[in-house]
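Single-structure report; data block below.
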Amino acid sequence: RRWRRASLGEPSGFVAAVASLHADGRVREQAVHALGAVTGVVAVAALAVRLLDHVPQVRERARASLSRARDVEAVEVLVDVLRAGVDRQHAGDALARVEAQIVEAEAGGVGPSLLPGLLRSGRRR
């Protein structure tokens with residue numbers, strides 16, 4: 001009951017990030033939806049974890065929210081989280097989709113190029 005009363009929309013995204021770890025998939029899905037409106041690497045990291053979720057609706061909502069992650073710092077965090085969870089069931093699919101989004105954005109000229117920044121990154125692994 002407390003989770004239903006918690007303000008998932010508070011501006012820092014802290015409540016939504018914590019709620020995204022809840023045992024109930026419906027709560028995680030609502031939290032991921034709220035995180036979609038939050039900027040910053042904490043929100044990106046929390047959403048990246050949900051790309052590995054066992055509930056398809058949670059994964060899809062996280063994927064949709066992360067489609068706006070178009071800067072080097074966000075992509076670094078996103079890939080770091082997915083690499084940390086590489087043994088999870090949905091990690092391969094999540095990594096492939098992130099790679100495809102980057103390649104597609106680069107080919108389509110959507111926003112500034114990420115590749116030069118990613119190649120200079122200290123996280124090149």
Can you tell if the side chain of D93 reaches within under 4.5 Å of the side chain of R63, non-hydrogen atoms only? yes
Contact check, side chains of H33 and V58, non-hydrogen atoms, under 4.5 Å: no
Is the closest side-chain heavy-atom distance between L78 and L51 below 4.5 Å? yes
Look only at the side chain of Q57 and the backbone of E29, and say whether a donor-acceptor pair between them is shorter than 3.5 Å. no
Looking only at non-hydrogen atoms, find the nearest pair between S65 and G36 and report the distance. OG-CA, 3.5 Å
In the structure I gave you, are the side-chain heavy atoms of L35 and S20 within less than 4.5 Å of one another anywhere? yes
Tell me, do D80 and R83 make a side-chain contact under 4.5 Å, heavy atoms counted? no
When every non-hydrogen atom of V38 is compared with those of P11, the smallest separation belongs to CG1-O, 4.3 Å
Between the CD atom in E99 and the CG atom in L82, the distance rounded to the nearest 0.5 Å is 12.0 Å
Could you state the interatomic distance from CZ (R50) to NE2 (H90), rounded to the nearest 0.5 Å? 11.0 Å
Can you tell me how far CG of L52 sits from CD of Q89, rounded to the nearest 0.5 angstrom? 10.5 Å
Kindly say whether A23 contributes a backbone atom to a donor-acceptor pair with the side chain of R28 at under 3.5 angstrom? yes
Are V86 and L66 in one and the same hydrophobic cluster, where Ile, Leu, Val, Met, Phe, Trp and Tyr link if side-chain heavy atoms are under 4.5 Å apart? yes
Single-linkage hydrophobic cluster V42~V72, side-chain heavy atoms < 4.5 angstrom: no
Are any side-chain N or O atoms of E76 and backbone N or O atoms of V79, one a donor and one an acceptor, separated by less than 3.5 Å? no
Nearest heavy-atom approach of E60 to R97 is OE2-NH1, 4.4 Å
